Amino acid sequence: MSSTSDDGGETIESIRSRHRDAAADVVPEHTQLYIGGEWQDAASGETFDTLNPTTGEVLASVARGGEADIDRAVEAAWDAYDEEWSETSRAERQALLTEIADRVEEHQEELATLETLDNGKTLMEARMDVGGVAEQFRFFAGATNSQSGHTRDEPGVHGEVIREPYGVVGQIIPWNFPLAMASWKLAPALAAGNCSVLKPAEQTPLSVLRFLEIVDDVVPDGVVNVVTGYGEEAGDPLSRHEGVRKLAFTGSTAVGKQIMRNAAENVTDVTLELGGKSPIVVHADADPEEAVGVIAMAIFANTGECCEAGSRLFVHDDVAEPILEGLIGAAEGMTVGDPLKEETDVGPKVSQEQVDRTMDYLERAKEGGATFLAGGDAPDDEALSNGCFVTPTLVEGLDHDHEAVQEEIFGPVLEVFRWDDYDEMMTLANDVDYGLAGGVITNDLELADRTARDIEAGYIWVNTWHEMSPGLPYGGYKQSGIGRELSVETLDYYTQAKSVKYGLD
Ligand code: NDP
């Protein structure tokens, strides 16, 4: 029942050798903190290792930032804001963001390779991510021009609303889309006129550091500051800092709640993009072959490490057999292996900790009576035994209130439920704390519209998944978050309204 692993004569050593060669070309020269436009050691002088999840080898040692470094970074950001950045025009910010996009495109292959080495995603997925990074900066370069206030006139008085940046924002990002998440945070923050202190995830700091090497000469000193380190040591003080006027976070709901509690101390505004447990609703009229393609992409892309992954499948009885058969074939036919190889479909998870977490859920699912239709184990290939691999997995027979169904597994694990009564199915589809995304597969426009409206989530796909071009707001209902990213309205989350009233008599 396990998927194809790409042994092709590979050994642990041949994979390691390929990765060492790639790393020699792309790992950044600077692995310190980036504060006030300078590379600096952590105040403690300490570092931590970032590992390659394919080989288990150390890629680099990175500065382990802490509270003193966050203080320095926030101060540098305010200096930059007060001395220069708050005076920039829209046109200047637009030019900067456009230049950043150009630089990212020039370095696309190098950044993608680095992302693959540090995160484990396939090179194809990493290339798409980096393309999206450039797109993000270009989108917000344009969006700066759509920022506008409004006026309200009455006899003898003129009122106007202007929007002003917060000044310094704190941004904390996860490891599943390291550079993409950095761009989702930095592009709108800068476009709106803020300076940033950004904390990348401990598992994947390298692409953000290389990005800063690439744009160092175009971004004014202190406008972007990066403090690498652990959540408790660097993220926590950032989220509590009095000098931070706005917090933006992507990650787990548990940490999101902690960030929100910390933010309450200083009444700091927060944007949170948290977890998901998205339902895929398949109607009786769905074409099985097309449905299988959409579903496999929804759950297995990026090794299932997507907050918007379609992880609960609600398939109508009439099409369940052919679709499940197709999905088993798709899962077992995927090539699990070295993400640097073009033919690989599924790379490793980001860390052993994440493998253990997924396996723990699968163990509990087994105890809960689940039937494994595919996967559920590590690939049977000695060459991959040092990596963090999990095979694409299909599970059926769990109660919907089981913890493996209710909680985010964040791995290549799809849970299957069959239905024939729409209302009962929709009750279950919405019976989770999350509400980030959802999807529907049908050729009936009315059914698509009804289901899209019935799913309690912030983003719905019809006959597709993961498509998220900038322009449509992205964010969650319920415990999946607060605020919206990816769209013009994101600028509102990085600015505050000021009303000005003129007495004219
Ligand atoms: P976290 O929520 O812990 O990590 C996200 C970011 O928050 C990282 O930069 C992390 O730092 C930081 N962080 C952690 N603790 C704190 C804190 N107390 N204060 C401030 N910042 C903090 O996710 P995990 O990496 O632990 O993953 C756990 C689960 O979360 C996953 O299995 C998945 O279910 C979910 N998740 C959801 C994501 C999404 O896109 N919605 C993304 C990632 C995870 P550091 O990593 O350095 O500790």
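Keep in mind that the numbers below use all heavy atoms, side chains included, and drop hydrogens, waters and symmetry copies. The structure displayed is predicted, hence computed values, not measured ones. All residue numbers refer to positions in the sequence shown, counting from 1.
Scanning all heavy atoms of the two residues, the minimum distance from A374 to A331 falls at CB-CB, 4.0 Å. Across E115 and A126, no two heavy atoms sit closer than the pair CB-CB, 4.1 Å.
Heavy-atom contacts from other residues, nucleotides or ligands closer than 6.0 Å to CE of M468 number more than 12. Summarising the local packing, CD of E242 is surrounded by 12 or fewer heavy atoms from other residues, nucleotides or ligands at distances under 6.0 Å.
Residues S207 and D118 have side chains that never bring a donor and an acceptor to within less than 3.5 angstrom of each other. Side-chain polar atoms of D377 and T391 form a donor-acceptor pair below 3.5 angstrom. Checking S351 against Q354 by side-chain atom types alone, no donor-acceptor pair falls below 3.5 Å.
Taking CG from D25 and OG1 from T113, the interatomic distance works out to 8.5 Å, rounded to the nearest 0.5 Å. The CG atom of D129 lies 8.0 Å from the CG atom of L179; values are rounded to the nearest 0.5 Å. Rounding to the nearest 0.5 angstrom, the gap separating the CG atom in N266 from the CG atom in L247 is 9.0 Å. Of the inter-residue distances, the one linking E84 atom CD with D79 atom CG reads 11.5 Å to the nearest 0.5 angstrom. With rounding to the nearest 0.5 Å, the separation of OG1 in T54 from CG in L117 is 7.5 Å.
A cation-pi arrangement, defined by a distance under 6.0 Å to the six-membered ring centre and an angle within 45 degrees of its axis, is present between K366 and F372.
Considering V168, N262, I70, T268 in turn, I70 is the only one that fulfils the side chain to side chain contact (heavy atoms under 4.5 Å, CB included) rule with H241.
No side-chain donor-acceptor contact under 3.5 Å links D236 to the backbone of G231. Remark: side-chain polar atoms of E308 are not paired, donor with acceptor, to backbone N or O of A437 under 3.5 angstrom. Side-chain atoms of N52 do not come within 3.5 Å of backbone N or O of E57 as any donor-acceptor pair. Under a 3.5 Å cut-off, the side chain of T253 and the backbone N or O of Q479 do form a donor-acceptor pair. Judged by distance alone, with hydrogens and angles left aside, the side-chain atoms of H402 form a donor-acceptor pair with the main-chain N or O of R364 at under 3.5 Å. Within the 3.5 Å criterion, the main-chain N or O of V432 finds a donor-acceptor partner in the side chain of K478.
Contact check on E75 versus R72 returns no salt bridge, with no Lys/Arg side-chain nitrogen under 4.0 Å from an Asp/Glu carboxylate oxygen. The existence of a salt bridge linking R103 and D217 is confirmed by a sub-4.0 Å separation between a basic side-chain nitrogen and an acidic carboxylate oxygen. Looking at R357 and E353, no side-chain N of the basic residue comes within less than 4.0 Å of a carboxylate O on the acidic one, giving no salt bridge. For the pair R138 and D102, the salt-bridge criterion is met [side-chain N within less than 4.0 Å of a carboxylate O]. Salt-bridge formation is detected for the pair E164/K498: a Lys NZ or Arg NE/NH1/NH2 atom is positioned less than 4.0 Å from an Asp or Glu carboxylate oxygen. We find that E407 and K277 are not joined by a salt bridge, their nearest charged nitrogen and carboxylate oxygen being 4.0 Å or further apart.
Residue pairs meeting the side chain to side chain donor-acceptor pair (under 3.5 Å) criterion with at least one partner in residues 166-190, sequence neighbours excluded, are Y166-D269, Q171-S196, Q171-Y494, K185-T250, K185-E485.
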**Message:** Please evaluate residues V215 and V224 with respect to the criterion side-chain contact (heavy atoms from CB on, under 4.5 Å), reporting the C-alpha separation (whole Å), side-chain torsions for both, the decisive distance (0.1 Å), and the verdict.
**Reply:** CA-CA 10 Å; V215 300; V224 176; over 6 Å; no
